[in-house]
Amino acid sequence: MLISQIGELEIRGEGDKLVSLTLVSKRNSNNPSLISGSENVFTGWLISYFNGKERKQMNEVNFLIPFKGKTREILLELLRVGYGEIVTYGELAKRINTSPRVVGNAMSRNPLPIFIPCHRVVRVNDIGNYSLGGKETKKWLLEFEERNLKLKP
DNA sequence: GAAAGTAAAAAAT
DNA sequence: ATTTTTTACTTTC
């Protein structure tokens, strides 16, 4: 359990692999305080992410991704989108030869948001949706990353 | 197997 | 600027 700027997060693992990250309760204040529960490599990563210090993806070997085929490909491809970068659904689709609709479908079932940065995938003329707290949270995350890059590029 | 669902995009209006 | 195809992959009958 971890209280972040976007709300209370819960992460679940299985063995030494990360299985899911969910938002237990949303929080609207901009209070940047972070409260963490038990520490492990995953909460540790999250804490430095929310401190604006972590800019790298965690290695995919730490993730348990219960999909095969395109959905899995899409999720793994997403790990190559860097901090503060954004791509559209269509762009990501092109990289692995599929359609934007399929990318959206894969995003909507991403079990590990933030670890797998689906908030960096946006619509062409709009921000698009986000399962971990809706559009405002997605926007917050993108602005947060942008702010951190400006602070210390 | 077919049909419906999906966090999209392009084309048509 | 809104509506209507087109799209391909997964899930659910």
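Quick caveat: nothing in here was measured; it's all calculated off a predicted structure. These numbers come from the heavy atoms of this one structure, side chains and all, not from hydrogens, waters or symmetry mates. Order of the sequence lines fixes the chain letters, A, B, ..., with proteins taken first and strands second; residue numbering starts at 1 for each chain.
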For A/Glu143, enumerate each residue passing the salt bridge (Lys or Arg N to Asp or Glu O under 4.0 Å) test, keeping only those at least two apart in sequence or located in another chain.
none
Pairing residues for A/Arg147 by the salt bridge (Lys or Arg N to Asp or Glu O under 4.0 Å) criterion, not counting sequence neighbours
none
Identify the pairs formed between an N or O of the protein and an N or O of nucleotides 10-13 of chain B at a distance under 3.5 Å, and give each distance.
none

Under 4.0 Å from any atom of DNA chain C, heavy atoms only: list the residues of residues 62-88 of chain A that qualify, in numerical order.
A/Lys68, A/Lys70, A/Thr71
When you measure from the side chain of A/Arg120 to the backbone N and O of A/Val81, does any donor-acceptor pair fall under 3.5 Å?
yes
CG/A/Leu112 to CG/A/Leu18 distance, rounded to the nearest 0.5 angstrom?
4.5 Å
So, using salt bridge (Lys or Arg N to Asp or Glu O under 4.0 Å) as the criterion, who are the partners of A/Arg55 when residues are at least two apart?
none
Contacts of A/Tyr49 meeting side chain to side chain donor-acceptor pair (under 3.5 Å) (sequence neighbours excluded), chain-then-number -> A/Glu145
Can any side-chain N or O of A/Asn40 pair as donor or acceptor with the backbone N or O of A/Phe42 at less than 3.5 Å?
yes
One should report the stems of DNA chain C, each a stretch of at least three consecutive Watson-Crick or G-U pairs at distances under 3.5 Å, as B:1-6 with C:8-13, B:8-13 with C:1-6
Co-members of the apolar cluster containing A/Val122 [side chain, <4.5 Å]:
A/Ile86, A/Ile127, A/Leu142
Give every pair of a protein N or O atom and an N or O atom of nucleotides 3-6 of chain B that lie under 3.5 Å apart, one pair per line with the distance.
| from | atom 1 | to | atom 2 | distance (Å) |
| --- | --- | --- | --- | --- |
| B/dG5 | N2 | A/Asn105 | ND2 | 3.1 |
| B/dT6 | O2 | A/Asn105 | ND2 | 3.1 |

A/Arg123 meets the side chain to side chain donor-acceptor pair (under 3.5 Å) criterion, sequence neighbours left out, with none
Select base, sugar-phosphate, or nothing to describe what A/Gly90 touches, counting heavy atoms under 4.0 Å on all strands.
sugar-phosphate
In whole angstroms, how far is the P atom of B/dA9 from the CG atom of A/Asn125?
9 Å
Within a strict 4.5 Å, meaning less than it, do heavy atoms of the A/Tyr83 and A/Gln57 side chains meet?
no
Looking only at N and O atoms, is any donor in the side chain of A/Tyr89 or the base of B/dA9 less than 3.5 Å from an acceptor on the other one?
no
Take atom CD of A/Glu136 and atom P of B/dA7, then tell me their distance rounded to the nearest Å.
16 Å
Do A/Glu85 side-chain atoms and A/Gly82 backbone N/O form a donor-acceptor pair below 3.5 Å?
yes
Give the first and the last nucleotide of DNA chain C, reading 5' to 3', that has any atom under 4.0 Å from a heavy atom of chain A.
C/dT7 to C/dT11
For A/Arg101, give me all partners under side chain to side chain donor-acceptor pair (under 3.5 Å), at least two apart in sequence or on another chain.
none
Hey, quick one: are A/Val41 and A/Ile47 part of the same hydrophobic cluster, counting side-chain heavy atoms closer than 4.5 Å, chains of contacts allowed?
yes
Side chains of A/Glu10 and A/Thr22: is there a donor and an acceptor less than 3.5 Å apart?
no
Under a 4.0 Å N-O cut-off, is there an ion pair linking A/Arg80 with A/Glu77?
yes
